[in-house]
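Read through the structure below, which is laid out as structure tokens, and then see the notes.
Both backbone and side-chain heavy atoms feed into the values below; hydrogens, waters and symmetry mates do not.
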Amino acid sequence: MTDSKYFTTTKKGEIFELKAELNSDKKEKKKEAVKKVIASMTVGKDVSALFPDVVNCMQTDNLELKKLVYLYLMNYAKSQPDMAIMAVNTFVKDCEDPNPLIRALAVRTMGCIRVDKITEYLCEPLRKCLKDEDPYVRKTAAVCVAKLHDINAQLVEDQGFLDTLKDLISDSNPMVVANAVAALSEIAESHPSSNLLDLNPQSINKLLTALNECTEWGQIFILDCLANYMPKDDREAQSICERVTPRLSHANSAVVLSAVKVLMKFMEMLSKDLDYYGTLLKKLAPPLVTLLSAEPELQYVALRNINLIVQKRPEILKHEMKVFFVKYNDPIYVKLEKLDIMIRLASQANIAQVLAELKEYATEVDVDFVRKAVRAIGRCAIKVEQSAERCVSTLLDLIQTKVNYVVQEAIVVIKDIFRKYPNKYESVIATLCENLDSLDEPEARAAMIWIVGEYAERIDNADELLESFLEGFHDESTQVQLQLLTAIVKLFLKKPTETQELVQQVLSLATQDSDNPDLRDRGYIYWRLLSTDPVAAKEVVLAEKPLISEETDLIEPTLLDELICYIGTLASVYHKPPSAFVEGSRGVVHKSLPPRTGSSESAESPDAAPSGGPAADQPSVIPTQGDLLGDLLNLDLGPPVSGPPMATSSVQMGAVDLLGGGLDSLLRSDVGGSPAMGGGGGGSSFTPAPSTTAPTNVGAPLGSGLGDLFDLTGGVGTLSGSYVAPKTVWLPAMKAKGLEISGTFSRQVGSISMDLVLTNKALQVMSDFAIQFNRNSFGLAPAAPLQVHAPLAPNQSVEISLPLNTVGSVMKMDPLNNLQVAVKNNIDVFYFSTLYPLHILFVEDGKMERQMFLATWKDIPNENETQFQIKDCSLNADAVSSKLQGSNIFTIAKRNVEGQDMLYQSLKLTNGIWVLAELRIQPSNPSFTVHPSPPGQLPAFPAPSWGARPWWWHPRSCWWCWCQSRSPSLMGRVTLLLWEQLKDTEGPQPTQLH
């Protein structure tokens with residue numbers, strides 16, 4: 001009889017009986033009792049009351065009984081930690097058992113008992129097992145280290161287990177090597193900053209040697225580890241590829257994909273001129289094709305990975321089109337994925353074959369598959385120009401079938417064909433109009449309306465057709481309403497005398513009778529364009545449209561490179577980086593392909609031009625409509641208009657409290673943090689800023705390195721000694737279609753500049769750069785156009801110093817030093833925001849006269865005073881004074897009171913605000929006390945240079961109200977930003993005393 005009998009008992013009160021049986025002297029009866037306990041535990045019964053009786057059964061030589069007891073122990077040790085300590089002695093004893101199976105079983109169970117109380121008792125047995133003579137015990141102990149690290153990482157490091165684990169990579173047994181690699185990789189994933197797997201050519205050679213003799217899962221661990229290695233040159237990369245290539249013929253699909261990942265990564269370092277490169281391409285195709293003969297679930301995983309490979313290197317599978325033809329019994333998810341890959345591999349050489357297949361698919365019974373097939377025909381027409389006529393003919397044949405969903409999909413794709421090949425296939429419009437009444441899907445109706453509006457001059461009854469849609473305007477979807485509005489305006493501009501009443505009707509419906517803000521806004525724009533300047537309206541609405549791209553769903557190049565590094569994992573199935581779907585405390589390391597050593601060419605299509613052809617032939621990534629933040633900046637992103645500074649800007653602003661409430665929040669923000677990234681300017685209204693003549697000292701030296709804002713060892717000095725923070729990434733390439741922008745701010749000899757590095761990580765050349773700032777708290781604006789003298793080729797960078805002035809428009813920002821920036825190039829407009837350091841606004845004439853300083857200081861009310869303490873600063877008073885003067889913070893007076901040096905300092909912002917401060921320094925104490933005070937209700941001191949005006953007067957006189965009410969918070973911000981520069985390394989944030 002089998003063990004299933006243990007799961008069928010329905011006896012009550014069996015705990016007492018089991019207790020008696022567990023304490024029986026007969027071994028067989030004891031084993032039967034333990035089996036009953038495990039069965040009860042498996043079906044969810046609580047048998048924790050039997051814990052001491054089951055633990056007593058550990059003292060046996062019977063391997064089967066010992067396994068059962070260990071299984072029970074792993075399950076209940078967490079709920080009975082005090083009782084679990086009873087098993088420690090048995091573990092220690094079993095780890096020295098003559099039988100290696102028992103030793104391995106003991107160490108495996110040790111790693112599975114997640115109880116902090118007993119982990120320290122298990123260190124010594126684990127250390128012995130890691131150096132055991134039997135490889136089976138050593139490989140089990142290696143995995144146990146990873147489990148123990150997850151419970152208590154500090155204990156593992158203190159006991160030196162990580163070093164022992166590294167030594168096991170040189171073990172003579174391949175399975176021990178594989179498990180050691182697996183354990184180190186697991187630990188490294190949870191601690192990305194640690195360099196546990198310190199790979200070098202010697203250790204790589206040992207791993208490659210072990211690769212041939214491992215089990216299939218051991219091979220996967222080693223291959224994944226190899227994929228994280230960066231060869232020193234192309235010769236080493238080729239050598240590794242040669243030794244990994246035999247894994248492509250493995251029966252396990254996971255091993256094959258891991259090998260493909262290694263080869264795809266190291267191929268980046270091989271020159272395309274090498275004979276071996278062509279050989280490797282030929283060897284990669286057969287294993288990928290073989291994966292498609294597995295069961296549907298494995299096929300889908302393989303197809304998702306092949307989709308990435310084809311986007312990166314389509315030449316690998318350009319001759320294997322037939323294997324992606326759909327079979328009648330394929331599940332729908334496999335069919336759709338095969339269809340997508342067919343389009344990516346379509347070329348002039350195989351387009352006839354592909355079109356014949358797609359036409360056949362369009363007659364299938366599966367609606368979703370038919371829709372995808374019809375769209376695929378349209379994509380073929382756009383991708384392969386020579387096949388466009390044949391594709392259009394095929395689509396017309398499908399329209400004649402009168403199948404509703406086929407007709408609607410065909411009209412949608414014909415609209416795209418018209419956009420790709422204008423004035424070429426318009427003869428089919430009459431056929432499309434015949435099917436107007438059968439359209440009931442929003443996308444198809446919108447496509448048909450676009451066609452009618454775009455070619456209204458060729459359709460005699462265009463006004464009647466559009467008027468028929470207008471009858472149920474409010475019942476249509478937003479997509480159709482927007483398209484109908486634009487189409488009728490186009491019609492009016494082409495036939496103004498016949499359609500005046502129609503355009504009035506649609507504008508009224510869109511603006512007065514609609515609640516949709518997008519529709520209403522577009523209606524008002526059209527209405528005002530038409531009423532003020534019909535000629536301009538015609539130029540805008542009927543402007544020549546850019547041709548659509550051949551590939552509208554390519555993955556962005558930097559993301560594609562990252563996903564190639566994750567072939568064979570969930571990321572390659574989701575087509576998303578791990579950071580997008582992995583949650584928890586573990587850090588996710590962003591991976592990227594190594595730089596190509598031979599040439600910088602990117603992925604080619606199967607029929608691509610030979611190397612050296614124009615870069616414009618490469619497919620570009622066109623984002624979906626949801627990715628675009630708007631293109632309004634195209635209207636005003638030209639070079640700034642040169643002219644005199646706007647000295648009267650304060651008159652326009654009036655006496656509004658522009659920055660009210662903004663400064664208090666600054667103290668709550670992270671002063672030493674990195675600049676904010678992302679699309680901070682997406683919803684703001686950018687207006688062109690007036691500029692002055694560029695300063696003469698434009699050639700500011702550029703900063704470099706990666707450090708914190710206040711790390712003086714990483715900063716770069718300017719001519720006046722002002723601190724310059726290292727450059728940080730402001731706009732990542734993944735958020736800007738391949739354009740990466742990093743930079744910093746500097747001030748030298750009275751001029752402010754933004755030092756930028758533009759890097760092109762996309763597939764195409766970038767040009768026509770322009771930059772614009774949104775209105776900000778201190779009126780920062782470009783003083784000259786963004787000068788990029790030559791087009792920026794892929795994988796190239798350019799350094800630019802952009803001069804700034806402070807005569808731009810002013811608007812309160814949150815935080816106060818937030819700057820929203822828009823950068824435009826030939827691809828798109830990109831938005832980001834960053835925080836500029838406040839000390840770039842400190843002017844050179846900020847040294848106040850001693851008598852005025854004294855009078856002003858005494859007149860400041862107590863409530864306007866704030867104190868901060870700065871710790872761990874070892875500079876003396878003279879060094880402090882010298883260092884701060886480099887940032888235009890001037891020492892007015894110095895005195896010594898009871899052993900403390902007192903520095904009295906002043907600074908002045910570009911908008912005329914003065915800041916006074918007292919700095920107390922005790923020579924033996926590394927902590928400073930800063931006592932910044934803003935001016936209070938000051939008497940009207942006569943200023944020599946400004947005649948009878950008060951000394952605090954400034955052309956932007958509205959700032960004075962804000963200075964009085966908000967200065968205490970400004971003091972805190974200035975203190976936190978500036979006095980941190982006294983230290984050579986970053987210290988803790990100053991503590992507010994009162």
Hey, could you give me the CD1/NZ distance between Ile187 and Lys147, rounded to the nearest 0.5 Å?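 With rounding to 0.5 Å, CD1 (Ile187) is 12.5 Å from NZ (Lys147).
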Are side-chain heavy atoms of [X] and [Y] found at a separation under 4.5 Å?
{"X": "Thr759", "Y": "Gln796", "result": "no"}
{"X": "Gln238", "Y": "Leu274", "result": "yes"}
{"X": "Tyr277", "Y": "Ser271", "result": "no"}
{"X": "Ile827", "Y": "Leu739", "result": "no"}
{"X": "Leu130", "Y": "Arg127", "result": "no"}

Listed partners of Ser742 passing side chain to side chain contact (heavy atoms under 4.5 Å, CB included), at least two apart: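 By the side chain to side chain contact (heavy atoms under 4.5 Å, CB included) rule, Ser742 matches Val729, Val757.
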What residues, two or more places apart in sequence or in another chain, satisfy side chain to side chain contact (heavy atoms under 4.5 Å, CB included) together with Ala580?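 Counting only residues at least two positions away or on another chain, Ala580 forms a side chain to side chain contact (heavy atoms under 4.5 Å, CB included) with Lys576, Pro577.
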For the residue pair [Y] / [X], report whether a side-chain donor-acceptor contact shorter than 3.5 Å exists.
{"X": "Asn252", "Y": "Arg247", "answer": "no"}
{"X": "Asn307", "Y": "Arg344", "answer": "yes"}
{"X": "Gln154", "Y": "Asp158", "answer": "yes"}
{"X": "Lys727", "Y": "Thr744", "answer": "no"}

Where do Glu157 and Leu162 land on the side-chain contact (heavy atoms from CB on, under 4.5 Å) test, with the steps shown first? CA-CA 6 Å; Glu157 293 172 12; Leu162 294 180; 3.7 Å; yes
Does the distance from a Lys or Arg side-chain N to an Asp or Glu carboxylate O, for [X] and [Y], drop under 4.0 Å?
{"X": "Lys312", "Y": "Asp561", "value": "yes"}
{"X": "Arg304", "Y": "Glu337", "value": "yes"}
{"X": "Lys282", "Y": "Glu315", "value": "no"}
{"X": "Lys261", "Y": "Asp224", "value": "yes"}
{"X": "Asp828", "Y": "Lys737", "value": "yes"}

May I have the step-by-step check of side-chain contact (heavy atoms from CB on, under 4.5 Å) for Leu270 and Leu280, ending in yes or no? CA-CA 10 Å; Leu270 302 179; Leu280 196 55; 4.2 Å; yes
Could you check Lys318, Met321, Met342 and say which one makes a side-chain contact (heavy atoms from CB on, under 4.5 Å) with Asn350? Met321
Surrounding CG of Asn200 (heavy atoms of other residues, nucleotides or ligands, distance under 6.0 Å), is the total greater than 12? yes
Over 12 non-hydrogen atoms of neighbours within 6.0 angstrom of CZ in Phe581: yes
List the steps, then state whether ring-ring contact (aromatic ring centres under 6.0 Å, His included) holds for Phe745 with Trp730. CA-CA 12 Å; Phe745 294 89; Trp730 289 341; 5.3 Å; yes
If I compare all heavy atoms of [X] with all of [Y], which pair ends up nearest, and what's the gap?
{"X": "Ile306", "Y": "Leu288", "answer": "CD1-O, 3.9 Å"}
{"X": "Cys225", "Y": "Val181", "answer": "CB-CG1, 3.5 Å"}
{"X": "Pro231", "Y": "Ala237", "answer": "CB-N, 3.8 Å"}
{"X": "Ile800", "Y": "Val788", "answer": "CD1-CG2, 3.4 Å"}

Evaluate the criterion side-chain hydrogen bond (donor to acceptor under 3.5 Å, both in side chains) for residue pair Lys283 and Thr245; output intermediate values, then yes/no. CA-CA 8 Å; Lys283 288 183 178 180; Thr245 304; 5.3 Å; no
Sequence neighbours excluded, every pair satisfying ring pair (Phe, Tyr, Trp, His ring centres under 6.0 Å) that has a member inside residues 132-174: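 Found His149-His191.
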